S.K.: 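This is the structure, below, for whatever I ask next.
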Amino acid sequence: MARSPVAIIAPRWPGGASAALVLLLTFGTLAAVAWQAEWVGGLSTGDWAAVRFTLVQAFVSAAVSVVLAVPVARALARRQFRGRGILITLLGAPFILPVIVAVIALLAVFGRNGVLNDVMVWIGLPRVTIYGFHGVVLAHVFLNLPLATRLLLQGWLSIPAERFRLAATLNADVRRLLEWPMLRATAPNAFLVIFVICLTSFATALILGGGPRATTVELAIYQALRFDFDLGRAALLACVQFGLCAAATVLVWRIAARAEMGAGLDRVVQRWDRAPLALDAIAIALCAGFLIVPLGMIVLRGAPHVADLTAPVWWAAGRSLLVASASACLCVCMALSLALWGGRVAAFVGVLPLAASSLVVGTGLFLIVYPFVRPAEVALPVTALTNATLALPFALHSIAPSVAAIQDDFGRLAMSLNMRRWTWVRLVVLPRMRRPLGFAAGLAAALSMGDLGVITLFAGNAQETLPLAMYRLMGAYQMDQAAAAALLLLALSLLLFWICDRGGRVGAEM
């Protein structure tokens with residue numbers, strides 16, 4: 001029996017090809033690393049330390065992000081003020097913010113020569129260091145606090161206005177009867193999502209971690225390949241990392257729940273249980289300052305030195321633009337073909353990359369291509385392919401609902417007209433998909449622009465992208481030039497996202 005009108009009308013082979021590519025880049029690379037893994041020796045003491053550090057930093061980062069997000073989300077949910085919409089929109093920006101830019105922004109404030117240490121020296125106190133466990137957690141909180149706030153805010157906004165009106169009429173405890181049940185449903189989901197993100201955060205540990213006590217599994221994979229060239233140990237660690245990510249992804253899928261608050265009449269929420277305005281204002285101000293001040297420091301520190309950037313950095317920026325553009329195009333094509341294909345297989349393939357990480361996929365591809373070509377020769381194509389695959393779940397999440405809506409509205413009519421498959425896609429699907437396609441392309445391009453994963457395994461000096469050039473500038477202690485490169489990377493990432501998203505909205509039919 002046919003699954004849906006779209007499943008009959010839409011071309012089938014692009015979805016099958018996309019699914020095969022995703023399976024190759026996930027299970028195929030996993031098989032490659034499993035084949036090369038040194039199972040006899042097992043994990044060393046240092047490897048087990050890396051596993052423990054990975055789990056502990058991810059747990060602490062996710063817990064701190066969610067705990068700090070609760071008062072911020074609650075304040076935003078029950079207060080109306082000028083600029084509230086802009087602030088909520090800005091809370092979504094760190095998701096497309098390149099991780100290495102966030103790290104440099106934090107170094108500008110908390111680093112050895114940052115603003116905080118300047119103040120500490122001025123008042124006669126010793127300097128503080130950002131490197132190590134607490135630095136990794138700080139960076140993860142900076143990146144994921146906005147995401148946790150947005151997820152919890154959606155939970156608060158899902159509570160119907162009638163529930164607050166009834167609670168006020170009965171003089172009931174809103175926190176116990178309404179807010180706490182909502183948090184029990186949404187907070188674990190937010191925690192697990194951020195936990196998965198922190199498990200695969202390579203750039204943060206690369207710059208702020210290091211050393212035996214602050215090494216993640218992905219950083220250990222990088223060190224085994226780039227410094228020791230121990231393929232067996234790198235493959236074994238890649239298998240461990242895949243297992244950690246897969247287990248965390250299954251937990252997200254199994255525990256995902258929603259608060260059953262019932263339906264409402266879409267009235268504007270009125271709150272009679274408001275705490276003193278000062279508490280909410282402090283929570284919002286601290287959160288906004290924590291996010292804005294480091295990025296402001298990047299602008300202040302990097303803007304005067306943009307003109308001083310050397311030619312290799314500009315060439316690296318050009319390579320990043322090419323890789324991001326190719327990655328976005330491939331990701332959107334894969335997501336659209338899977339959405340048109342439909343069914344449980346497409347849904348499974350669409351979320352499968354969440355269980356992988358760039359270093360695991362990169363390690364597998366490195367082992368596959370190494371016997372045949374120099375890894376540096378395929379650095380850019382491999383990076384674009386991997387970035388497209390890892391961004392697929394987010395692109396599919398944006399595209400699939402629109403495809404389902406088109407299926408419900410026009411599928412049977414197209415079947416009755418005996419419309420050809422490619423005609424259906426060209427005349428019916430694509431004109432109505434411009435908005436989600438543009439957003440998905442912008443998201444994939446921005447995520448690819450800031451990636452510092454696979455490229456570190458493959459690239460030499462002639463293949464470096466802008467994030468890798470920034471990392472090397474930091475390693476050479478050229479912090480002003482690194483800040484300028486960070487500002488350039490941030491501007492290019494936001495520009496690519498804006499161009500794609502805006503291009504999808506101009507002249508869109510839906």
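Numbers for residues simply follow the sequence, beginning at 1. What you are looking at is a predicted structure, and each value in this text was computed from that prediction instead of being measured.
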S.K.: Taking all atoms of both residues into account, what is the closest heavy-atom pair of Ala326 and Ala384, and its distance?
M.R.: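 Closest approach of Ala326 to Ala384, heavy atoms only: CB-CB, 4.3 Å.
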S.K.: If you look only at distance, which donor and acceptor atoms sit under 3.5 Å apart when one is on a side chain in residues 294-311 and the other is two or more places apart or in another chain?
M.R.:
residue: Arg301; atom: NE; partner: Asp480; partner atom: OD1; Å: 3.3

S.K.: With a 4.5 Å heavy-atom cut-off, do Ser493 and Leu97 have their side chains touching?
M.R.: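 No, their side chains stay 4.5 Å or more apart.
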S.K.: Begin from the C-alpha positions of Leu452 and Ile455 and carry the test side-chain contact (heavy atoms from CB on, under 4.5 Å) through to its verdict.
M.R.: CA-CA 6 Å; Leu452 186 64; Ile455 195 67; 4.3 Å; yes
S.K.: Supply the atom-to-atom distance Phe53 CZ to Thr216 OG1, rounded to the nearest 0.5 angstrom.
M.R.: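 Taking CZ in Phe53 and OG1 in Thr216, the distance rounds to 7.0 Å.
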S.K.: Measure across Pro353 and Leu390 and return the closest heavy-atom pair with its distance rounded to 0.1 Å.
M.R.: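 Answer, listing the atom of Pro353 first, then Leu390: O-CD2, 4.0 Å.
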S.K.: Determine whether Ile194 and Leu147 make a side-chain contact, defined as any pair of heavy atoms from C-beta on separated by less than 4.5 Å.
M.R.: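 They are in side-chain contact.
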S.K.: Using only atom types and a distance under 3.5 Å, with no angle test, would you say the side chain of Asp47 pairs donor to acceptor with the backbone of Ser44?
M.R.: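 Side chain of Asp47 to backbone of Ser44: a pair is present.
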S.K.: Please set out all donor-acceptor pairs under 3.5 angstrom arising from side-chain atoms of residues 467-477, sequence neighbours excluded.
M.R.:
residue: Arg472; atom: NH1; partner: Asn461; partner atom: OD1; Å: 3.1
residue: Arg472; atom: NH1; partner: Glu464; partner atom: OE1; Å: 2.8

S.K.: Is the shortest distance from a Lys or Arg side-chain nitrogen in Arg74 or Asp280 to a carboxylate oxygen in the other one below 4.0 Å?
M.R.: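 No.
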S.K.: Please check if the number of heavy atoms outside Phe59 that lie under 6.0 Å from its CZ is greater than 12.
M.R.: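 It does not: Phe59 CZ has 12 such atoms or fewer within range.
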S.K.: Any side-chain heavy atom of Val454 within less than 4.5 Å of one from Val361?
M.R.: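 They are not in side-chain contact.
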S.K.: State, with a plain yes or no, whether a side-chain heavy atom of Phe458 is found less than 4.5 Å away from one of Leu365.
M.R.: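 Sidechains of Leu365 and Phe458: in contact.
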S.K.: Apply side-chain contact (heavy atoms from CB on, under 4.5 Å) to Thr200 and Cys245, showing your working.
M.R.: CA-CA 8 Å; Thr200 59; Cys245 295; 3.4 Å; yes
S.K.: If you round to the nearest 0.5 Å, how far is CG of Leu87 from SG of Cys287?
M.R.: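 If I round to the nearest 0.5 Å, the distance is 7.0 Å.
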S.K.: Got a second to check how far Phe195's CZ is from Leu244's CG, nearest 0.5 Å?
M.R.: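 The CZ atom of Phe195 sits 7.5 Å away from the CG atom of Leu244.
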S.K.: Are the side chain of Ser325 and the backbone of Leu322 linked by a donor-acceptor contact shorter than 3.5 Å?
M.R.: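 Side chain of Ser325 to backbone of Leu322, a donor-acceptor pair under 3.5 Å: no, none is there.
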S.K.: If I take atom CG from residue Asp230 and atom CD1 from residue Ile221, how far apart are they, to the nearest 0.5 angstrom?
M.R.: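 Spacing of CG (Asp230) from CD1 (Ile221) equals 12.0 Å.
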S.K.: Just do the side-chain contact (heavy atoms from CB on, under 4.5 Å) check on Val33 and Phe242 with the steps written out, would you?
M.R.: CA-CA 10 Å; Val33 297; Phe242 186 91; over 6 Å; no
S.K.: Could you check whether any side-chain N or O of Arg150 sits under 3.5 Å from a backbone N or O of Leu145, counting only pairs where one atom can act as donor and the other as acceptor?
M.R.: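 Here the side-chain-to-backbone pair does not exist.
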S.K.: Would you indicate whether the side-chain heavy atoms of Ile207 and Thr204 approach each other to under 4.5 Å?
M.R.: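 The answer is no, as the side chains (C-beta and beyond) never meet within the 4.5 Å cut-off.
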S.K.: Should Leu457 and Thr363 count as side-chain neighbours, where that means a heavy-atom distance under 4.5 Å?
M.R.: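 Leu457 vs Thr363: side chains touch.
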S.K.: Using distance only, find each side-chain donor-acceptor pair of residues 126-144 under 3.5 Å and give its atom names and separation, not counting sequence neighbours.
M.R.:
residue: Arg127; atom: NH1; partner: Arg112; partner atom: O; Å: 2.6
residue: Thr129; atom: OG1; partner: Tyr131; partner atom: N; Å: 3.3
residue: His134; atom: NE2; partner: Thr129; partner atom: O; Å: 2.6
residue: His140; atom: ND1; partner: Gln57; partner atom: OE1; Å: 3.0
residue: His140; atom: ND1; partner: Ser61; partner atom: OG; Å: 3.3
residue: His140; atom: NE2; partner: Ser201; partner atom: OG; Å: 3.0
residue: Asn144; atom: ND2; partner: His140; partner atom: O; Å: 2.9

S.K.: Would you say that Leu291 contacts Pro146 through its side chain, given a criterion of any heavy-atom pair below 4.5 Å between the two side chains?
M.R.: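 Side chain of Leu291 against side chain of Pro146, heavy atoms only: contact under 4.5 Å found.
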S.K.: Quick check for you: to the nearest 0.5 Å, what is the distance between Leu380 atom CG and Ser320 atom OG?
M.R.: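 One finds 9.0 Å between CG of Leu380 and OG of Ser320.
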S.K.: Which heavy atom in Ala73 sits nearest to a heavy atom in Leu152, and how many Å separate them?
M.R.: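 Looking at all heavy atoms of both residues, the closest pair is CB-CB, 3.8 Å.
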S.K.: Please answer whether the main-chain N or O of Leu25 pairs with a side-chain N or O of Thr29 as donor and acceptor at a distance below 3.5 Å.
M.R.: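 Side chain of Thr29 to backbone of Leu25: a pair is present.
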S.K.: Kindly say whether Met120 contributes a backbone atom to a donor-acceptor pair with the side chain of Asn117 at under 3.5 angstrom?
M.R.: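 No; judged by distance alone, with no hydrogens or angles, the pair does not exist.
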S.K.: Would you find a donor on one side and an acceptor on the other, under 3.5 Å apart, between the side chain of Ser327 and the backbone of Ala445?
M.R.: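 Not a single qualifying donor-acceptor pair exists.
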S.K.: Which pair of non-hydrogen atoms, one from Ala63 and one from Phe191, has the smallest distance, and what is that distance?
M.R.: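 Scanning both residues, the minimum pair turns out to be N-CE1, 3.5 Å.
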S.K.: Consider side-chain contact (heavy atoms from CB on, under 4.5 Å). Of Leu489, Val101, Val323, which one does Met449 pass it with?
M.R.: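 One option only clears the test, and that one is Leu489.
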S.K.: Using every non-hydrogen atom in the two residues, find where Ala187 and Val66 come nearest and quote the distance to one decimal.
M.R.: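 Closest pair (atom of Ala187, atom of Val66, distance): CB-CG1, 4.2 Å.
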S.K.: Which heavy-atom pair separates Ala220 from Arg233 by the least distance, and what is that distance?
M.R.: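 Closest heavy-atom pair between Ala220 and Arg233: O-NH1, 4.0 Å.
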S.K.: Have Thr186 and Asn189 got a donor and an acceptor in their side chains that come within less than 3.5 Å?
M.R.: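 Per modelled atom types, Thr186 and Asn189 side chains form no pair under 3.5 Å.
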S.K.: Within this structure, what is the CG-CZ distance for the pair Leu359 and Phe202, rounded to the nearest 0.5 Å?
M.R.: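 These two atoms lie 5.0 Å from each other.
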S.K.: With a 4.5 Å cut-off on side-chain heavy atoms, are Leu206 and Val103 touching?
M.R.: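 Result no, sub-4.5 Å side-chain heavy-atom pair not found.
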S.K.: Donor-acceptor check, side chain of Glu218 to backbone of Ala203, threshold 3.5 angstrom: yes or no?
M.R.: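 Checked: no pair found.
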